Each structure stands twice: as structure tokens, then as C-alpha cells.
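Order of the sequence lines fixes the chain letters, A, B, ..., with proteins taken first and strands second; residue numbering starts at 1 for each chain. These numbers were taken from a predicted model, which means no experiment stands behind them. Values below: all heavy atoms of this structure, side chains included; hydrogens, waters and symmetry mates excluded.
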Amino acid sequence: MRISRLFGRTQREIPAEADTVSHRLLLKAGMIYQVASGIYSYLPLALRALRKIENIIRDEMDAAGGQELMMPVLQPLELWQQTGRDQAFGEGLFVLNDRRDRRLCLGPTHEEVVTRLASQYIKSYRDLPLLLYQIQTKFRDEPRPRAGLLRVREFTMKDLYSFDIDEKGLDLSYNKMLKAYQRIYARCGLPALFVEADSGAIGGKDSHEFMVIMDTGEDEIIYCSHCQYAANSEKACCAKGKGGGEAPLPLEEVATPGVTTISDLSDFLKVSPDHIIKAVFYAADGDLVFAVIRGDLEVNEVKLKNILKCVELHLADEEEIRRAGVIAGFASPVGLLNIKTVVDDSVIPGVNFVAGANSPETHLKNVNYPRDFGSDVTADIARACAGEQCPKCGGKLLATHGIEVGHIFKLGTFLSKKLGAFYADPDGIDRPVVMGCYGIGIGRLLAAAVEQNHDDQGIIWPLPIAPYQVHLCPLYRENTGVAETAEKLYSELVSAGFEVLMDDRQESPGVKFNDADLLGIPIRVTVSQRTLKQDSVEVKKRSEKESQLVPLAEIAGKLWELIDEGMSALPNQV
RNA sequence: CGGGGUGUAGCGCAGCCAGGUAGCGCACCUGAAUGGGGUUCAGGUGGUCGACGGUUCGAAUCCGUCCACCCCGACCA
């Protein structure tokens, strides 16, 4: 490709609102164009990189036994109502009516469609296992699209669905995908960390995410400094300790005028926060819920939401709390009636806690569970934080951030039961198919690759996903033979099978070098009067500072060598 | 949805407070010189000033309503 003919132009200045690195660089390089909030056009260079990522993914999916198919974006809403997931996705689902007022939606994912499809063809245990996938456009009406391609409303996704006879089969499929995913990220030049995750609106049991570690990533990851434990903070757990072993003492009221926060209370009564019970009120689908947790911990709202199985959860406001007859600052599970109470398991082993008294300016000492208060549910609803203990080994937990570039789920049978995907086992008995699903956002992977591989000058594409392999950069000057040599070299390299982008513009060397750095093609070949004096060209890797002179006769061999090296340099897993 | 911000040429911005012929830089077109890290000079093209309504002799500018986009949060794969 000749840059003079390439659609898309590099910019010197970029929109002020872009402040994420990948967003800025992709805009500046003229690779993407924003159409509306969270909706982008991909220009030819970006599309070539996307296609390369897709092909790597396709390659790995096929190698793992997946079969590619294509399902529709437009789906009957009825299908979603059957599984109830129209509610789970809520406003994230793009819904529309056709001319006869039939309700349709734009698929945010394809479990419903694929399960219904699979149910038509899976009849016997002999038809399983089955792995089906597609690479296709998804629509999600995100509350807040942001950061360029990192969170958008329309995007290309590879989604694979596994169908197995039982949990054991699912585990095998799940592991197969896990391995395939690790190979995909490695081949894309992206080290990705495998972490435990919450399954969110997709539903199901086990779920893991692949994270590219990045300070600016929007997900928080909690991991152990000692063992392999790593989890999204939405899912992460921590060891909470065993509690005192003291004998329970009788309940005692203490006056605590004006003391309403945990730290005030801790100072006032000279007790540490982990001996205080904290009361937090939430509204879950409109109903008041009381979350009870140890004073040194915070409530993880994702966990709470999962336990309550509610669609909407938010901190109750003052009005909602007052209506329930509770006194903020002195609230307590003791003596509380008619409010659903969820107790964190941190409170269970503890003894002689301080808690609110549900009357003004008063707290209670020596509160014990279950002697003094009950619960509707006890569960882990605590947010794990850096500095706490690993739930697996007791080591110190640390926190970092990451970009989610893949998510895999063990779905189980809830969808196959609802949508009628059953198979006959060897005894002829119908059993629900056991499902898993596995997704990678292609555009986000591209953006993450840019986030991970760039410098102040621009993008540094990993070779396997670079739009082109070679950036041919002739520094034109009349009557020097540079133009002729470059043209000849260009056609030779192209016919030899190299992917070459040639900067054939009449621009100054500075402009060309800056654009070359911005576009980030891995290997730059400069042809100039200076190099031709030695019958050579200059070869430079985008990732390195130094360049070397290579005789014209040896250029193809040198390029093959560099490309082989770049294609096989798989980064180690984090 | 709550808070904050921005809409003037493809991009970056000034002009608005104090109403009176819409400007600058980049990009783009023409010409000349230059030629290894955004080179210089000269001449050009391009704008319903986000939309609608109001005030006024006159609105980019004042007032109102709406819309779009961005950031933080809520929320969300």
C-alpha cells in the first residue's frame, strides 16, 4: 500500500477530550473515527490489525475443535424473555419494534440464539461435546461509553459456546478454552493474567477473566503476593480471621453523644474497628435491605447484589432510611424487625462487638451473633482490599488494575433447561446440555495492545497484529535514483510476500519519520541518497533505537529473519 | 441517572464579559526554494458560529428550551 493512496491521515493535533493513550494514538494515526458516543468507524489500517487478531483467534478456536458459524444480530425479544435475561441486561439491551410492532433486540451476546439452535441438532450424547463460535457484532447500550475503543456500544466479539454432557465435560471444554485463550494473547503480543471473576448479567457459576495489567485499567484486581490467587475485586475474597475466643458478656448500653462514624466510635470507646459492627442500608429493587459487616470491612455491592438476586441495588438515601424508622449513625441489627438482613460471615465468629442501639446517641457493647440478632442470610459480602490476607494461603493481598480482554463462564444448565436443549443419555433418558461460553472483544484487545505497546512517538505494533510488516520510507530527492530504487524494492518485496506500506509522499524526512513512528509498523526500511551510495538501505525496528545498513541484495533475507523473530517472540505469561 | 465541563472550517483554538462585515495555527490546493526527525516563503479553498425560539434596527456574543460530546460517579461484558 502506498501512503499517498491510503485512506486516513495522521493528525498533528487530536481532540482534547481523548485522554486515554490508545484512544489518542489511534485517532492521531487516523485509524479510527468516532461516529457517536461509543460508536466508531475503523479505517483501513485499524481494520487490518483487527483482521489479524481475528485470524489468530479463529486459528486457535479451530485448533481447539471449534466450528465457526454466524448468527443474527437482530433477535426476537421473546427469546430473551424466555430466559429472563432481558431483565438482567435491563437498559443495556437495545430494543426495537419492527413494522408489525414485533419486539426485537440487537444481540448483546448470543446464548439464547445459539442454545435454541443447538437444541435443534443435539439429540444424543453422541452429538457432544460441541463447540460453536462466531466473530460478529454485538450491541450493548453502555451507561457510559469511554476511553475510545475500550468501552463501546457496538463492537466485534468472538463468542464461543460449549455444549457437554456433564460437569466433567464442561471442565474439559473450559480448560481447552483457557489454554486457547492463553495462546491467543501470547500470539497477539499481550501478556494476560487469568483471574477469578463475577459472572454478572451472563449468569452461571465459575467465571474467569483475562486481564492485561495496566495502571489505567478500569478493573481492579486483587492478587496474592505469595500464591497464584488473583481475582477481580468484584469477586475477590480475603481471610477475615477467627475472632477472639473470649466468653460472651451481657449486653450493655453506653451513651455515645455525637459519635456516628466507625473511627469516632473506635476512638471514643477505645475498641478497634474490627470489634465494631457496621450497619449499611441498601435499596434492592425498591426494598430496604440491611447489610451487617465488621467495622474494618466494606460491603462489596456486586456480591450483595448476587445474594439478593436483585436487578437494581443502591445505597439507601436518608429518606428511605428514615421511612424504615432507623436512626442513621446509631443503626443496629439488634432489635430490628421487618427488614431483610444480610450478615457478612466476618461477624459470625466474633465476640462482644460494639453496635448501634437504634436509639439516639447510644451504642451497645457486647453484642453477639446469633444471641442478640438474627439474619435472613449470612454470606461473604465483604470487599477484599490490598493489605488483607489471601483466602488461599494467608499471604498478603495486593491490588493492581487491568483491562478485561476476555471472559469465560461455566454456565451449567440454566439456559438449556429454559430453552429446551436436552440430549438422550446412553440409557435413553433426556438430560439438559451443560453449557459454557467464552468471549473476546476484538476492538478492546486491539486498544489494549496499543495501551501496552507504545512510546511517546506512537504505536509499536507487535508483529503478529501489525497492519503491515514493513514501512518502506524513501527520502526523495530529484535525480538521485531514490525514487526508482524505492519503487523497484517495493514491487520486489510485495511480490516476495511481504506486507509493505510505502511512504511515497513528497514530504520532508522529519514528517515521514514522525508518521512512521506514529503508525508503528514494526520494521522501517529507509532508502535515501546516503544509503544508496553504499548500495544499501537502512533497517530499523520500531521497538529499537538503533538502525543498521543492509546491502540491497540482502534485504529480503534480513526482513524474513526479523519477521520470523517478531512472529515467534511470545511474551511470558504474567 | 447525579455532579462537572465543552460545542465557532477536517483538527487545535481566539472572539462572547462590553451586540455592529467571523479570525489564528495545523491540515488541504497552487507555485518556488529546501532535503536524515513535524523546513521556509508567497498566494488560495473551506464555516447554516450545535439546534430551535425570544430580546434587538442588528445576535457567535444577551435570555430561554432542547440536543450532542467529554470527564468523575452510579451502573455496566
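- Residue contacts for A516(A): at a heavy-atom cut-off of 4.0 Å it reaches no nucleic acid atom on any strand shown.
- One cannot find a donor-acceptor pair under 3.5 Å joining the base of G3(B) and the side-chain atoms of R144(A).
- Nucleic acid contact class of E142(A) (heavy atoms, under 4.0 Å, all strands): base.
- Nucleic acid contact for P143(A): base, since at least one base atom lies under 4.0 Å from a heavy atom of the residue.
- Residue contacts for R9(A): at a heavy-atom cut-off of 4.0 Å it reaches the sugar-phosphate backbone alone, with no base atom in range.
- A77(B) has its base stacked against the ring of F155(A), the centroids being under 5.5 angstrom apart at an interplanar angle below 30°.
- Taking the ring centroids of F89(A) and W80(A), they lie under the 6.0 Å cut-off.
- Among the heavy atoms of the strands lying under 4.0 Å from T531(A) is at least one base atom, whether or not backbone atoms are also near.
- For G35(B), there is no paired base (Watson-Crick or G-U wobble, both distances below 3.5 Å).
- Taking CG of D515(A) as the reference point, atom CG of L501(A) lies at 10.0 Å (rounded to 0.5 Å).
- Residue-level contact check: Q529(A) touches neither bases nor backbone, having no heavy atom under 4.0 Å from any strand.
- At a cut-off of 3.5 angstrom, the base of G37(B) holds no donor-acceptor pair with the side chain of K545(A).
- No N or O donor and acceptor, one from the side chain of Q11(A) and one from the base of G12(B), sit under 3.5 Å apart.
- Nucleotide A51(B) forms a Watson-Crick or G-U wobble pair with U65(B), both donor-acceptor distances falling under 3.5 Å.
- Using a 4.0 Å heavy-atom distance criterion, Q34(A) is classed as a sugar-phosphate-only contact.
- When both distances must be under 3.5 Å, the Watson-Crick or G-U wobble mate of U56(B) does not exist.
- In this structure, A14(B) forms no base pair with any nucleotide, since neither Watson-Crick nor G-U wobble geometry is met with both distances under 3.5 Å.
- Nucleic acid contact class of L27(A) (heavy atoms, under 4.0 Å, all strands): none.
- Taking the six-membered ring where tryptophan is involved, the planes of Y438(A) and Y181(A) are perpendicular, since the angle between them exceeds 60° and thus also 30°.
- Remark: C1(B) base-pairs with G73(B). Criterion, Watson-Crick or G-U wobble with two distances under 3.5 Å.
- Looking only at atom types and distance, the side chain of E404(A) has a donor-acceptor partner in the side chain of H407(A) under 3.5 Å away.
- Within 4.0 Å of R524(A), counting heavy atoms only, lies at least one base atom of the nucleic acid.
- Across all strands, D141(A) comes closer than 4.0 Å to no nucleic acid atom at all (heavy-atom distances).
- For E68(A), the CD atom counts as densely surrounded, since its 6.0 Å shell holds more than 12 non-hydrogen atoms of other residues, nucleotides or ligands.
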